[in-house]
Structures are given as structure tokens and as C-alpha cells.
Asker: 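Mind having a look at this structure? Questions to follow.
All values derive from a computational prediction rather than experimental measurement. Both backbone and side-chain heavy atoms feed into the values below; hydrogens, waters and symmetry mates do not. Protein chains get the first letters and strands the later ones, always in sequence-line order, with residue 1 at the start of each.
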Protein chains: 2
Amino acid sequence: MVRTIDELAKLSGVSRATVSRVLNNGSVSDATRRRVQAVVDRTNFRPHPAARSLASGRSGVVGVVMHIDSHLLFRDPYFSQLLQGMSDALADGSAGMMLWLGNRSKEETLDRILGIRLLDGVIVTAHNLDDSLVDGLLASDLPTVLIGHRSADRTASYVDVDHVHAADAMTTHLLESGRRRIGHITGMRGTVAGEDRLTGYRRAMHRARLASDDLVVDGDFNEPSGAAGAAVLLDHGVDAIFCANDATAVGALRVIRERGLRVPEDVALAGFDDLDFAAHLDPPLTTVRQGVREQGAQAVSSLFQLVRDRDGAPSRVILPTELVIRQSTVGGVPRA
Amino acid sequence: MVRTIDELAKLSGVSRATVSRVLNNGSVSDATRRRVQAVVDRTNFRPHPAARSLASGRSGVVGVVMHIDSHLLFRDPYFSQLLQGMSDALADGSAGMMLWLGNRSKEETLDRILGIRLLDGVIVTAHNLDDSLVDGLLASDLPTVLIGHRSADRTASYVDVDHVHAADAMTTHLLESGRRRIGHITGMRGTVAGEDRLTGYRRAMHRARLASDDLVVDGDFNEPSGAAGAAVLLDHGVDAIFCANDATAVGALRVIRERGLRVPEDVALAGFDDLDFAAHLDPPLTTVRQGVREQGAQAVSSLFQLVRDRDGAPSRVILPTELVIRQSTVGGVPRA
DNA sequence: GGCAGTAGTGGAAGCGCTCTCAACGTACTC
DNA sequence: GAGTACGTTGAGAGCGCTTCCACTACTGCC
């Protein structure tokens, strides 16, 4: 078995340097490249990653930091879809992924990430308004791409969607379909998505000159908070509920049903995320598609670019959202 | 900032070799060790992993292979708990984890794992009776520890529980509490756990001279199969249902309820796994505790040992199971 | 006192690769 | 035909660490 580039060089009758060039897409004549590549293929040779990393200073491994409870990670499909998007994109770029979950304190996690001297860069979720881990990574010299961003992160590289705009559009859709008492169950307060979606909702209500003070209930992106929030809102006589995400909507749907009300005839229901299950609810859920996998993939590609050109301009990407209108908001008439 | 062991050697007035010994718990006098360690701590020095790996031939990274659908991975708490157990144990051993999920074909996954030349060893779930990926890893010279094992794997290193024995014990418990028509909803056929648990059930029934032919329904470890299986078994007039895992039991419980039957008064219900939610069902579920996190941790420790002593004897560990008796099987009387 | 045995230490040879630099054509220009 | 430019190649110097080997200084023993 061929274990080193030297043996390979001997086998193909060129120098070690030339083999290295073939392996790294350096400048080599076509004839030589073909000859060497044939030997590489025949012997199924793979360069030793540690040697390569030591010599080049690059490891081909990126850190993915999701500082959240691991039970949340495995329960909320948002995170698993994000992870899938990144995982696939990294594999396509033949890079490795090192996952950092919220098992430890932010200080310790930051310390380890910076100390490990292995990572070419990191992708970190910046969902909370206040996050010392994100701050620490941005302050370090490790190339960093955020998923989501706070207003303080405007100069960093990030991938995000325009939550305010999307929530505004959803609320407007509900208004246009004749609803007037539109309730909102927020996401977790203190998170960017939670606050921004609330802002979008308020903006649309305000534009329509409708009060919304008694129509907002705090949630936390989880199903139980959707159920609790819906209970309150239904008591306030809403004709529509806009939930900060799909999981919340599932909880709300359950409570609406339990009260013997129909969706959308009595109450229209909308979510956010368009996770896989949203289309399969009964009735199918109107929601905002935000391409979670695409966000993950985009973050990877932004990071690759940042690693390649460390002094280049930060890459700031706002991915489009799409209003996905399904039966949970249309086809019925408001109760009033 | 101190970036190399040489600078550190100069700073502490010893040779590079001695610093390396301090870093790797080699034989160094106490005085020297303290002196060097002080400098290490003060400068917060971390050796470069690639250099270390290149020189030593060890990477400190282990592969974790779970060749299953990723939606299953993120839905079934069994896998996430297993992952948590491994993740924690690896972190304690300051080793890294490279995760290989079922995104690609087994052939390609195997090819990549063996080609990457980075892994010190792998931990792989061997849940299916027939698995070319497991076979390939065992045949390679990469230290490998299985979680679960087939009868063909008796010479490999593995961590497992005695499914047959545990299922027998559970069935016996049901018999001893007066049940006679005990149904069993199997796990996925073709998996070790599915087949072995069925065997244990059959063994206990046979010992009690009870027929079980019309009392076994195939399931697949998932909630819907529990619901479907329970529907069939209830039609056959069972007074107890032993489900191959907790998720299945959740489905069964729902159907039992829908029929207006009481647990355990009319039908006793038992699961397997003792996942976190089992204790919080209504009524709390009798089940078999198999310490999923412990299995993950044990697999890591077995692998560490195997890496340290590659020619040592395989480590075969059967972890104990525990019958956890809760209200779903006791406190009521059989319907008959 | 001489000897073997044993810690503790330093020197130096790599681990397998990348990448700079210089050398070598070959082609093209004047 | 000399000079320039360019594309292609090889030699060799590391990247930062581990580890073998040799050496010293000490200990205990006959």
C-alpha cells in the first residue's frame, strides 16, 4: 500500500513536489497530471491529513458552535436541518466538521475552541441578543461566520434572513384575508428571531391602525408555549394566531382543536420556518419558508471564502424568505 | 504568544524533549515537571495537534458511525442519548469526535472512513443483523468497538446488553403479576434488539406453557407501529402488551386509551429502554432500563483501551439491565 | 572502591506533507 | 542569434511535535 507522496512520486517518475501539485491543483502540465493522477487513482492514495495540515497551516476542519441545550438540539428540527445543511456542504468541500454543543459554559467552550489550533474557522449560531461566546469568537483572529446576527454584528460575516420583513408580510397576509384580531405568540424573548418577528408583526398591525397590545403572548419557540399562548389568545377572542415558529403553531393547533374551533374557519393559524412537518399538519400550515438547510450551506460557503481570503471583505448574506400559504389561513371565513 | 514547544523549552530552561515529556506524562523529575508546567500554565500553551499527530501517529480523534436515517437520529432519543454518552466521555478523554451519519451509501461511508487516515479508531452501532459497514470496519485494521453485536461478532470488541434476558425478565414480571394473554409488539425485524427481545419474550411464555402465536405483532420501534400493533392485539383480547421499546409503548398507550380501556387495570403495558420520558407518562411506564448513556461511555473507554494496546484482547462488555417497575403494570387487576 | 542498575535529560532523526526558489526548457520577440 | 518571458519541474527547507538513543549522575550492592 502506498502511504506517502514519495512512493507515489517514485511510481510516477516525477518529484514529490509535482505530486503535491497534482493533489492540490497546482500548475502542472496536462500530460504529467494525467500520468500522476492515474497512479493516485490506481493506488487509491490519500495524503496524510496531519502532515498536510502541519505543512500548510490549514486543517480542513471547521468548528460548528451551537451553544444550546442538547435536548433542544435533538428535539427542534430547526437545528437538525441547519446541521444537515452544513454537514452536506462541508462534505462537498471535503472539509471536516467539529461540533461544539452547549455542554459546557460559554467561557470554557470559547477557551477550548481558540486553544485547539486545529480549526480553519468557525460557524456559530448567533440567536441571542447577548452572547459572550459569539463576541469572543468575533474578537479572535479565527475566521468566523454567524448564522443570524445582532445589530452589533453588522461588520461581521453572517448569514441571516430578514425576520422583520417576513413577519410583516405574514401579518399582512392575515390582514388581507380579512382577519382583524390577529394574535401573536412570540418566540423566546431575547433572541433575535423572537424580537424581530414581533417587531414585524407590530409594524404590520400598526400600519393597519389596529391595536395589538392585548394580542401578544410570550412564547419560547416550543410546543407547550404554543398551547399556553393559544389558550390566552382564544380567551381574548382572536380570529387569527401568528406563531413565531412552526413548533409553537403545533401547540396552538392542539388547543384550538380542543376548544372545538375550526382552522381556518374560526381561527386562522400561521407559523414560521416551514419545517418538514408543516405541510403535513391537518390542515397544512401557512408559514414562512426560510430555507434552513440553505442557510447552513451558505454559511459554509461564506466561511470557505473567508478562509481562502482572510483579508477580504466580510460576507453578509440575507437569504430570501417566502410566504407559504396553505389551508390553515385560507378557505374559511372569520368567525365575526 | 508561545506557539511552539521550542520557545517553551527555552523559557523553562530545559530541552524540547523534556517539555514533550511533561506534556505527555512521560518520566520527568518532580522538580522539572513543576517548573515546566508553571510555564505551560502561564503561557496557556497548547501543542499543535497536527504536529503531534504527525509525529506520534495518533490523532486523538475517533469516528462515531451511526448509519441510520438522520431523521431517525434526531427523533429517537435512544440515539441522542447514546451520542451524549459518547460525546461526554470523549470530551473527558480530551479526544475529538468525527460523526458519520447515514447520509451516504455504506460503501462510500466505509471508503471515506478508511481513507481519511486521521481516526485513531471507530465506534459503530451494530444494530442490524446484516451490515456490510460493520463487517468492513471489523475487517480493517482500524480499532473498532461495536455498540450492540451480532452472533458473528463474538470475537470483536463490543458493548451490549442482554436483550434476551431482559425481555424474558419483563415477560416473567407480567406473568407473575397475573397476566396470561401477553402480547408483544416487536422491534424492527432484522435488528439484533428486535429479534433478541422477541426471543426473550417467547422463552418466558414457553416456560409458562403459554401459547404466543397469535400474540406477536411486528413493529419497527416507532410510535405508529405501536398504535397499529396495539389495535391488533386488543382485538385478540390481550391483558398485557410488552412493547419492544418505549416509543412503541407510547403509540400503544394512545390506542388503549382511545378504546376506553384503563392501564393497568384492563391492560398492562411495558416498554424497553427507560428513556427520559418513560417515567413521565400517565401512568408511568414499566420498562427495562438499559443505561444508554453508559453504553456510549463504555464504548469510548473500550476504544481508548484498544487504541492504547492494539494487540490486547478484545473487550467485550455486557452492561446490566434493570427492570423498572412503574404503575403501567401494577396496581390494577386483569380484566379476566 | 568498583560495578551494575536506574532515573532523568538532551540531541537528533524523523513523521509526510507544502511551498519557495532556482533551474530548465521552449517559444517568442527584436 | 541573443534576449526575454513564461510554463513546468525538482531540490530542499521547514511545519511542530514525538521518540529513540546515548549520556550523565546518582543509588545500592558486593
Asker: How far apart are the closest heavy atoms of S302(A) and S315(A), and which atoms are they?
Answerer: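 Smallest heavy-atom distance, with atoms named: OG-OG, 3.0 Å.
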
Asker: Which pair of non-hydrogen atoms, one from P143(B) and one from L303(B), has the smallest distance, and what is that distance?
Answerer: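 Looking at all heavy atoms of both residues, the shortest contact is O-CD1, 3.7 Å.
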
Asker: Residues in ring pair (Phe, Tyr, Trp, His ring centres under 6.0 Å) with H149(B), at least two apart?
Answerer: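 Applying ring pair (Phe, Tyr, Trp, His ring centres under 6.0 Å) to H149(B) gives Y158(B).
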
Asker: Pairs in or reaching into residues 294-310 of chain A: which pass salt bridge (charged side-chain N to carboxylate O under 4.0 Å, His left out), with residues at least two apart or in two chains?
Answerer: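 Counting only pairs at least two positions apart or across chains, the salt bridge (charged side-chain N to carboxylate O under 4.0 Å, His left out) contacts touching residues 294-310 of chain A are R289(A)-E294(A).
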
Asker: Could you note down all residue pairs passing salt bridge (charged side-chain N to carboxylate O under 4.0 Å, His left out) where residues 9-27 of chain B supplies at least one of them, sequence neighbours left out?
Answerer: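 The answer is D6(B)-R16(B).
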
Asker: Who are the side chain to side chain contact (heavy atoms under 4.5 Å, CB included) partners of A95(B), not counting sequence neighbours?
Answerer: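 With neighbours one apart ignored, the set is L90(B), F304(B).
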
Asker: Do any N or O atoms from the side chain of D120(A) and from the backbone of S59(A) form a donor-acceptor pair under 3.5 angstrom?
Answerer: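 Yes; judged by distance alone, with no hydrogens or angles, the pair exists.
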
Asker: Let me see the working for F79(A) and L101(A) under side-chain contact (heavy atoms from CB on, under 4.5 Å), right down to the final yes or no.
Answerer: CA-CA 11 Å; F79(A) 293 104; L101(A) 303 178; over 6 Å; no

Asker: When you list every nucleotide of DNA chain C with an atom under 4.0 Å from a heavy atom of chain B, which one comes first 5' to 3', and which comes last?
Answerer: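 That gives a stretch of dG8(C) to dG16(C).
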
Asker: Which residues pass the salt bridge (charged side-chain N to carboxylate O under 4.0 Å, His left out) test with D153(A), sequence neighbours left out?
Answerer: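 Per chain and number, D153(A) pairs via salt bridge (charged side-chain N to carboxylate O under 4.0 Å, His left out) with R150(A).
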
Asker: Please round to the nearest 0.5 Å and tell me the distance separating atom CZ of R52(A) and atom CG of L118(B).
Answerer: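 So the gap between those two atoms works out to 12.5 Å.
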
Asker: Could you tell me the boundaries of the chain A footprint on DNA chain D, defined by atoms under 4.0 Å from its heavy atoms?
Answerer: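 The contact span of chain A on DNA chain D goes from dT8(D) to dG16(D).
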
Asker: Do Q305(A) and S301(A) pair up side chain to side chain, a donor and an acceptor below 3.5 Å, judged on atom types alone?
Answerer: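 Checked: Q305(A)/S301(A) side chains show no N/O donor-acceptor pair below 3.5 Å.
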
Asker: Using the closest heavy atom to pick a nucleotide of DNA chain D for each, name whichever of L54(B) or R21(B) lands nearer the 5' end.
Answerer: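 Its nearest nucleotide lies further toward 5', so the answer is L54(B).
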
Asker: Near DNA chain D, which residues from residues 6-19 of chain B have a heavy atom under 4.0 Å away?
Answerer: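 Under 4.0 Å from DNA chain D: R16(B), A17(B).
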
Asker: Tell me if a side-chain donor or acceptor on R117(A) pairs with a main-chain N or O of P47(B) at a distance below 3.5 Å.
Answerer: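 Side chain of R117(A) to backbone of P47(B): no pair is present.
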
Asker: Per the salt bridge (charged side-chain N to carboxylate O under 4.0 Å, His left out) rule, what does the pair list look like for residues 93-111 of chain A, sequence neighbours excluded?
Answerer: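 Sorted result for residues 93-111 of chain A: R104(A)-E108(A), K106(A)-D131(A), E108(A)-R112(A), D111(A)-R46(B).
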
Asker: Considering only heavy atoms, which members of residues 25-35 of chain A lie under 4.0 Å from some atom of DNA chain D?
Answerer: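 Those residues are S27(A), V28(A), S29(A), T32(A).
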
Asker: Cut-off 3.5 Å, no hydrogens considered: what does the side-chain donor-acceptor table look like for residues 38-45 of chain B, sequence neighbours left out?
Answerer:
{"unit_1": "D41(B)", "atom_1": "OD1", "unit_2": "Q37(B)", "atom_2": "NE2", "d": "3.1"}
{"unit_1": "T43(B)", "atom_1": "OG1", "unit_2": "V39(B)", "atom_2": "O", "d": "2.8"}
{"unit_1": "T43(B)", "atom_1": "OG1", "unit_2": "V40(B)", "atom_2": "O", "d": "3.3"}

Asker: Kindly compute the distance separating CE (M66(A)) from NE2 (H127(A)), expressed to the nearest 0.5 Å.
Answerer: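 These two atoms lie 6.5 Å from each other.
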
Asker: Work out how much the helix from dG1(C)-dC30(D) to dC30(C)-dG1(D) bends between its end axes, five pairs an end, to the nearest 10 degrees.
Answerer: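 Axis angle across the helix from dG1(C)-dC30(D) to dC30(C)-dG1(D), nearest 10°: 40°.
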
